[in-house]
Visitor: 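Take a look at the following structure, please.
First the proteins, then the strands, lettered A, B, ... as listed; each starts at 1.
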Amino acid sequence: MLKEAGQYDAKLLEQNIHKFWDEIDAYSQVREQRTKGPKFFFVDGPPYTTGRIHLGTAWNKIIKDSILRYKSMNGFHVLDRAGWDMHGLPIEVKVEGVLGFKSKKDIEKYGVGNFVAKCKEFALSHRDEMTLQFQNLGVWLNWKDPYMTLRDEYIEAAWWTLKKAHEKKLLEKGLRVVNWCPRCETAIADSEVEYSEVSDPSVYIKFPIVGEENTYIVIWTTTPWTIPANIAVAVHPSFEYVKVRAVKNGKEEFLIMAHELLKNVLKQGRYQEHEVIETILGEDLKIAYKAPLGHKVPKQNEFPHNVYMADFVTAENTGCVHIAPGHGIDDFELGMKHKLPIFCPVGPDGKYTEEAGQYKGMNVKEANKTIIDDLTENGLLLASGKISHRYGNCWRCKTPIIYLATEQWFLRVTDIKEKMLDEINKVKWYPDWAGSARFADWVRGSRDWCISRQRYWGIPIPVWVCDFCGEIEVMGTMEELKNRSAVKDLSDLHRPYVDNIHIKCRKCENRMSRVPDVFDVWFDSAVASWATLNFPRDEKTIKEWWPADFITEGHDQTRGWFYSQMGASMVSFGKAPYKSVLMHGFTLDTEGKKMSKSLGNVVSPDEVISKVGAESLRLYVLSQNAPWDDLKFSWDEVGTVHRMLNILWNVYRFPLPYMILDNFNPVDSDEKLASLPLRLEDRWILSRVNSLIKKVETAMSEYNLHKATRPISEFILEDLSRWYIQLIRPRTWREANDPDKLAAYYTLYEVLVTLTKVMAPFAPHLTEEMYGNLVRNIHPDAPQSVHMCNWQPAKEKFIDVELEKRMDVIREIVEASSNARQKLKRKLRWPVKRIVVAPKNEIVIEAVLSLESVLKEQTNAKEIVSLKTGETWDQLGVEVLPNHAALGPAFKKDAGKVIAQLKSADGRAIKKSILETGSFELKAGVITADMVTFKDLIPPAIASAIFSAGDVYVDTELTREIESEGYSREVIRRIQDMRKELDLAVEEEIRAAVEIKDDRVAVLVLEMKDFIAGEVRAKSLMIGPEVEVDGELVKDWDVEDVKMRMGIGR
RNA sequence: GGGCCCGUAGCUUAGCCAGGUGGAGCGCUCGGCUGAUAACCGAGAGGUCUUGCGUUCAAAUCGCAACGGGCCCA
């Protein structure tokens, strides 16, 4: 049997549903039930296990959940292991913070094994916390058996991939300039560099030219600390350079720089006068210079210093670029091209090494000042100031990065770039530009991928190098390492356990040792699509599932996971690891600014859930905007969604008491719907809900979640709540087993059950609750959960597009008539004599004709009249407006008389005659069409309003009958109000008495006594000018200036 | 500096691809309803469609540029 429902309490409801899901293990049942269906392989982009989830992560998982629920209902066998990204520097930094560590030395002292254990503990505990938070959102993924990057089988997937890269000669060790964090003492990826505005030195330095007395080439830099590593100067081959004689305080010197930048440089150096001596094209600038700090850095004196040409030189500052191949990417490439020494006198801790001579031991950033002082001292500083610009920081510890030339391991993805671009085209991107424009652009500009990190908590790079001959071998699996090393007991593939395993070199039989590095953490998630299938340990599953059918992440993952997966997959399998990608946006604050702790504008999912529940949050993020647009969070809009759900809940619970009272038991509802006398409004709502299904299907086929959810809200508010429920109300409180009432019951029941299925993917809690009552309480053998139901396709037999159109017209007319009523302040409770519709087209006539009863009821009109198209209602008066400009010349001095006669004549007759014959005869003369214009005159008791396809006239003239009914309804409303106050049950009968202190009104109301008694369920009812009023509740009322006293009791 | 996306009423947005009088919701003001009631419904006010230039008979819509925001890169 159906049960009544109380007010909508989202939190309580959601808690109960979560409990219910746990009890029956709903998730597992749903997935198992679909194992025979077509496969749908989804790979969860693994969130990083630090701290709590934020709104963006919540949105991400809600999108995933909704799509997977939809796919599952549509019969797909969904594979969806949740994923966790658990390695890497972010966790190391957090753990270092907890332990109060400042540098790698602290970690070494503490013991790598202990440190790694702490990192693991941190990752696992945060995984548990975050799992709960995701579950609170109602997100269904395989939480029991998630993939975790710290598991041995996952590590093997990464190892196997690297071995593939090695086999395909795409793995390379080399000296490269990398982004280096001097605090973390490791290389970091381009994607781990975060830019911020900082103030740095801006210095102009003069490099003395060899063989030319008092002549210098001028360079500019923001990093004076790289000057000890200077090896060359670069100029643009096609720029024009000049040699200038410049004078400052009576001293002259000769400077070389780009011609167009001359003025600025001389101003910077405060030269008082100058003269261009010579103009030279960049490509002809063949000069050597002396190291500016040779006296401090002896090693510098061993290197040649020359000027080279480079296209990357821009016409900024001096047009001459200081080149330190050990400290810059362009510098390094220029150095390689000209076989220059890659001089890098800086250690991993960001301090100068032995090679930096007198600067040894100094922190480079702190050395800036010393170097500027030293240059001043030897007269080579032209100018020194400050500049505010964007500079890269380590995204985790915020330390400014430096560029260092170091030995690193690289994946040569640039070799397979073209193939990667081909694969991008084969992937279906939502929206299209995410792939064709954004991702393709990123891939085109990508460089070789530096995959090594000099850290501890990560997947150890499985490369063993021979201590003697340098031979390289890559271990692809744990098994392989065991066999090659004869270490039988290998329980953990992390550092430090793998660090001490040695193998014998195949070439020279000497000892091989593992390189100490770990993987860039992006490499971990890069292998997720096969790691989640337990490949390479399990070689069978991958054949059945891979590649992924679908992934979805935020647009920041273009450079991140979309790319890392693509790269790793191209290396391993030579094709894209996913078939379709939905790229979604970011969550921003109401201002459109990003949410960040420092701005204090962060809204957490928990905060939203605690206020309005997860369901409102879900529908809010799904419907607010297109998935790929950024979402500006707004509490107001969340509130609006919550209100919509509340209305749905009220719509759902409204009929329950009546249905229960009537023992409504819709076991054979299909049959009943076919046999009961459905009204047109019943057929209409059935048509609407089935049209809705089609809309949702169309939107979901393109993952347009906003276009799927918005029509659902609209249906609930406009069609169900504001219209259908209003229409059927009188039918629901009819007492007998009336087929007309049953038709409404069965229709509403069908609509609500259909709606729960359409909404289930998006609002899994609310629909589960409704389903439990509406379906499970009636059919005990129905699927246990709405999420076990099949998607219900639209029932075409119910769809009637014409009817939908006609109902739209009726709704417009009703709106217009209530607008008109308002003009004359006539309440809806008071019937009106008639409503006249002047239609613009035939559809309106058909609509009024076929849906007259609906129109009558909703407008509370005694009669509905529809005119023909173009017909003027004959009750309207016509005002004739004389056209003086035409009448004057035509009638001259009689014009005044004509005008007077026009005013007193019957306007309607004039209009009719003019329209039919073109003229009208007055006593004073014949007037023609050009002499007059007409205006409709609306009688005082009539109000009009327009709608899109015509006019509506409401005749509010009072008749005895109307007054009688109007006052009666006033009485009824007040008695109902009192019933409410006494908290009476709907079906409970009362005794009532009404004293009306106006004889005329008392008589009018008395005429409706039976009607009133029926409406208020009164077994006895007394009405009259002098009635004794008593009972449990007695109240005095003022009804339209008539004093009434009413009393009711059981 | 470059790539991609976004900019419409006080707020959140539809319309833009396929040019032809800008639609909603929230909020506000006024009113209605009172057997969904700590609910619900109607009406009204409110828009230089970020700005400028161009294409066109016609531009929110197409093109170019600028400005502001987001993500990514340099």
Visitor: Mind checking if A:R643 touches a base, just sugar-phosphate, or nothing, with heavy atoms under 4.0 Å?
Guide: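 A:R643: backbone/sugar contact only, no base atoms under 4.0 Å.
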
Visitor: Counting the atoms with a prime plus P, OP1 and OP2 as sugar-phosphate, which does A:T558 contact under 4.0 Å by heavy atoms, base, sugar-phosphate, or nothing?
Guide: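 If one applies the 4.0 Å heavy-atom cut-off, A:T558 turns out to touch nothing in the nucleic acid.
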
Visitor: On RNA chain B, does the nearest nucleotide to A:F654 precede the nearest nucleotide to A:I647 from the 5' side, or the other way round? Give the residue.
Guide: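 This one resolves to A:F654.
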
Visitor: Assign each of A:A816 and A:H555 to its nearest nucleotide of RNA chain B by heavy atoms, then name whichever residue's nucleotide is nearer the 5' end.
Guide: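 It is A:A816, whose closest nucleotide lies nearer the 5' terminus.
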
Visitor: Using every non-hydrogen atom in the two residues, find where A:P47 and A:T57 come nearest and quote the distance to one decimal.
Guide: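 Looking at all heavy atoms of both residues, the closest pair is CB-CG2, 4.4 Å.
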
Visitor: Would you say that more than 12 heavy atoms from the other residues, nucleotides or ligands in this model lie under 6.0 Å from the CZ of A:R710, or not?
Guide: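 Correct, the count exceeds 12.
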
Visitor: Quick one: which of B:C71, B:C26, B:U13 gets closest to the side chain of A:F586?
Guide: B:C71

Visitor: Considering only B:C4, B:G15, B:C41, which nucleotide approaches the side chain of A:S721 most closely?
Guide: B:C41

Visitor: Looking only at the side chain of A:R722 (C-beta and beyond, no hydrogens), which of the listed nucleotides B:G15, B:G42, B:C72 gets closest?
Guide: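 My answer, after comparing the listed nucleotides, is B:G42.
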
Visitor: Of the candidate nucleotides B:G42, B:A39, B:U34, which contains the atom at the shortest distance from the side chain of A:D977?
Guide: B:U34

Visitor: Using Watson-Crick or G-U wobble pairs with both distances under 3.5 Å, give me RNA chain B in dot-bracket, 5' to 3', with [ ] for crossers and | for pairs to another strand.
Guide: (((((((..((((......[..)))).(((((.......))))).....(((((..]....)))))))))))).

Visitor: Using the P atoms only, state how far B:U61 lies from B:G7, rounded to an integer number of Å.
Guide: 11 Å

Visitor: Using atom CE of A:M583 as one end and atom P of B:C72 as the other, report the distance to the nearest whole Å.
Guide: 12 Å

Visitor: Of the nucleotides B:C71, B:G3, B:C40, which one has an atom closest to the side chain of A:D556?
Guide: B:C71

Visitor: In this structure, how many angstroms lie between the C1' atom of B:U34 and the CH2 atom of A:W1037, rounded?
Guide: 10 Å

Visitor: For A:R829, report the nucleic acid contact type (base, sugar-phosphate, nothing); a contact means any heavy atom under 4.0 Å.
Guide: sugar-phosphate

Visitor: Indicate the ring-plane relationship of A:F562 and A:F439, choosing parallel, tilted or perpendicular according to the 30° and 60° boundaries.
Guide: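 Taking A:F439 first and then A:F562, their aromatic rings stand perpendicular (interplane angle over 60°).
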
Visitor: Look at the side chain of A:R438 and decide which nucleotide, out of B:C6, B:C72, B:C40, has an atom nearest to it.
Guide: B:C72

Visitor: Heavy atoms from C-beta onward define the side chain here; which of B:A39, B:C4, B:U13 lies closest to that of A:N650?
Guide: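 The listed nucleotide nearest to A:N650's side chain is B:A39.
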
Visitor: Is any side-chain heavy atom of A:Y652 closer than 4.5 Å to a side-chain heavy atom of A:L766?
Guide: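 The answer is no; the side chains never approach within 4.5 Å.
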
Visitor: Quote, to the nearest angstrom, the P distance that separates B:G23 from B:C5.
Guide: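 Nearest-Å result for B:G23 against B:C5 at atom P: 28 Å.
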
Visitor: Pick base, sugar-phosphate or nothing for A:R710, based on heavy-atom distances below 4.0 Å to the nucleic acid.
Guide: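 A:R710: backbone/sugar contact only, no base atoms under 4.0 Å.
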
Visitor: Give me the distance, rounded to whole Å, that separates B:A9 from B:C41 when you measure between the P atoms they each carry.
Guide: 25 Å

Visitor: Tell me which nucleotide among B:G42, B:C72, B:C4 gets nearest to the side chain of A:W442.
Guide: B:C72

Visitor: In whole angstroms, how far is the P atom of B:C5 from the CG atom of A:N625?
Guide: 16 Å

Visitor: Between B:C6, B:U13, B:U34, which nucleotide gets closest to the side-chain atoms of A:D629?
Guide: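 Selected nucleotide (nearest to the side chain): B:C6.
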
Visitor: Please confirm whether the ring centroid of A:Y658 lies under 6.0 Å from the ring centroid of A:F664.
Guide: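 No; A:F664 has its ring centre 6.0 Å or more from that of A:Y658.
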
